[in-house]
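Following: one structure in structure tokens, then a few remarks.
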Number of protein chains: 2
Amino acid sequence: MNIGEAAEASGVSAKMIRHYESIGLIPKASRSLSGYRTYQESDIHTLGFVRRARRLGFSMKEIKKLVGLWRNKARKSADVKAVVDVQIESLEQKITELEAMKAALKELARRCHGDSRPDCPILEGLAT
Amino acid sequence: MNIGEAAEASGVSAKMIRHYESIGLIPKASRSLSGYRTYQESDIHTLGFVRRARRLGFSMKEIKKLVGLWRNKARKSADVKAVVDVQIESLEQKITELEAMKAALKELARRCHGDSRPDCPILEGLAT
DNA sequence: ATTGACCTTCCCACCGTGGGAGACTTTAGA
DNA sequence: TCTAAAGTCTCCCACGGTGGGAAGGTCAAT
């Protein structure tokens, strides 16, 4: 299987597959005589793993850990859970920040007439 | 006032002040004979505006709009409000995404023993 | 044999921020 | 007055994650 088919099958773009290889997130693909990367079913599986982890917001660094744990049949499930717990906390923190921004903006917007006049509590709020 | 003092006074790093100038977010600072940027109180005010907008999650592009509206005494408050409403929506969308990630992770974590055994529903979940 | 689709590597872009090098200017202290 | 330190200047590079595109090689079908 060439990189295009692998991309199709895994949902990870060819561009990103090369990138993941270059940063060591996935092992180097074997090559055909002409230098084309070739992939097996198991590689597609790994790419799918990475894709799902990305969609859950894990950073490359965390995904590297997770892939390592996944491959390591002697891992402790507690180690996996620890990575996930850290990620949950980091998501919670981001959510809290965004909620605070949203609340502040809502309050500013609430006080703004939103008509054709120029005076605007939003700008005043940002200015002070 | 040199850039260091302006940074101190505004809470925006000297590095970022230069950057904001380079992308046209703030006007070019006037220069001393030796080429040092010099700032007035009003510039500090603008930098504070930008800083507060950043902290509310606005992108540079949006901040450019807001600064323009701030400066334009003939603006309509409705235009300002429109920018803010778009930003609120984008925050809401991000929050929704993060909440979904968090819920998925919590569910995976809930099902994981988190002990010294290797079997782990988290990895299984990511693998399929 | 040609063509078109695919693959390769390499560089550049985004956004926002920080680090640092090498050169110059200003300020403070001896 | 001379020197050392601190401040500033312009550049380039890095991060994370993704995409665009150029220039060249390869494969399959016509």
Side-chain angles (χ1 to χ4, degrees), chain A residues 1-26 28-39 43-44 47-67 86-87 90-91 93-94 97-98 101, chain B residues 1-26 28-39 43-44 47-67 86-87 90-91 93-94 97-98 101:
Chain A
M1 200 175 349
N2 287 338
I3 199 170
E5 289 162 279
E8 181 85 9
S10 67
V12 178
S13 73
K15 210 90 186 184
M16 290 314 297
I17 295 177
R18 294 193 195 97
H19 180 60
Y20 290 162
E21 181 183 309
S22 82
I23 63 174
L25 186 58
I26 55 174
K28 291 192 179 181
S30 51
R31 302 286 186 126
S32 72
L33 289 180
S34 57
Y36 283 18
R37 288 172 181 81
T38 55
Y39 297 89
D43 299 316
I44 305 307
L47 288 168
F49 183 99
V50 171
R51 174 162 150 273
R52 281 178 286 271
R54 279 296 305 148
R55 289 205 303 203
L56 289 172
F58 287 100
S59 70
M60 295 290 148
K61 209 170 176 178
E62 301 303 304
I63 295 177
K64 232 179 241 189
K65 283 189 209 165
L66 288 173
V67 172
V86 166
Q87 173 66 2
S90 122
L91 287 176
Q93 201 193 326
K94 275 180 205 150
E97 282 170 23
L98 296 181
M101 292 178 190
Chain B
M1 200 175 354
N2 287 339
I3 199 170
E5 291 162 276
E8 181 86 9
S10 67
V12 178
S13 73
K15 210 90 187 182
M16 290 314 298
I17 295 177
R18 294 194 195 96
H19 181 58
Y20 291 161
E21 181 183 309
S22 82
I23 62 173
L25 186 58
I26 55 175
K28 291 192 178 180
S30 52
R31 302 286 184 125
S32 72
L33 288 180
S34 57
Y36 282 19
R37 288 173 181 81
T38 55
Y39 296 90
D43 299 315
I44 306 307
L47 287 168
F49 183 99
V50 171
R51 175 161 150 273
R52 281 179 287 271
R54 279 294 307 148
R55 290 207 302 204
L56 289 173
F58 288 100
S59 70
M60 294 292 147
K61 209 170 178 178
E62 302 303 304
I63 295 177
K64 231 177 243 189
K65 283 189 208 165
L66 288 173
V67 173
V86 167
Q87 173 66 4
S90 123
L91 287 175
Q93 200 192 328
K94 276 180 204 149
E97 282 171 22
L98 296 182
M101 291 178 189

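The chains referred to below are lettered A, B, ... by the order of the sequence lines, with proteins before strands, and numbering in each begins at 1. Hydrogens, waters and symmetry mates are skipped; everything else that's a heavy atom, side chains included, is used.
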Take atom [atom1] of [X] and atom [atom2] of [N], then tell me their distance rounded to the nearest Å.
| X | N | atom1 | atom2 | answer |
| --- | --- | --- | --- | --- |
| Tyr20(B) | dC15(C) | OH | C1' | 11 Å |
| Arg55(A) | dT18(D) | CZ | P | 12 Å |
| Ile17(A) | dT18(D) | CD1 | C1' | 14 Å |
| Lys61(A) | dC15(D) | NZ | C1' | 11 Å |
| Leu33(B) | dC9(D) | CG | C1' | 15 Å |
| Lys94(A) | dG16(D) | NZ | P | 13 Å |
| Tyr39(B) | dT8(D) | OH | P | 10 Å |
| Leu25(B) | dT17(C) | CG | P | 10 Å |

If you check every side-chain atom of [X], which of [options] has the closest atom?
| X | options | answer |
| --- | --- | --- |
| Tyr36(B) | dC7(C), dC9(D), dG7(D) | dG7(D) |
| Lys15(B) | dC9(D), dG21(D), dG20(C) | dG20(C) |
| Met16(A) | dT17(C), dT8(C), dG19(D) | dG19(D) |

Do any side-chain nitrogens or oxygens of [X] fall under 4.0 Å of OP1 or OP2 in [N]?
| X | N | value |
| --- | --- | --- |
| Ser13(B) | dG18(C) | yes |
| Arg54(A) | dG17(D) | yes |
| Ser34(A) | dC27(D) | yes |
| Arg31(A) | dT9(C) | yes |
| Ser32(B) | dT25(C) | no |
| Arg37(B) | dT10(D) | yes |

(message) Using every non-hydrogen atom in the two residues, find where Ile26(B) and Val50(B) come nearest and quote the distance to one decimal.
(response) CG2-CG2, 4.4 Å
(message) To check you understand the geometry: which heavy-atom pair defines the closest contact between Phe58(A) and Glu62(A), and what is its length?
(response) CD2-CB, 3.8 Å
(message) Can you work out whether Asn2(A) or His19(B) has the more 5'-proximal nearest nucleotide on DNA chain C?
(response) Asn2(A)
(request) On DNA chain D, check which nucleotide each of Gly35(B) and Ser59(A) is closest to and give me the residue with the more 5' one. (result)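 The answer here is Gly35(B).
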(request) Could you tell me whether the side chains of Thr38(B) and Ser32(B) share a donor-acceptor contact shorter than 3.5 Å? (result) no
(message) Strictly distance-based, threshold 3.5 Å: is any side-chain N or O of Lys64(A) a donor or acceptor partner for the main-chain N or O of Gly24(A)?
(response)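 No; zero donor-acceptor contacts below 3.5 Å.
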(request) Could you note down all residue pairs passing salt bridge (charged side-chain N to carboxylate O under 4.0 Å, His left out) where residues 3-15 of chain A supplies at least one of them, sequence neighbours left out? (result) none
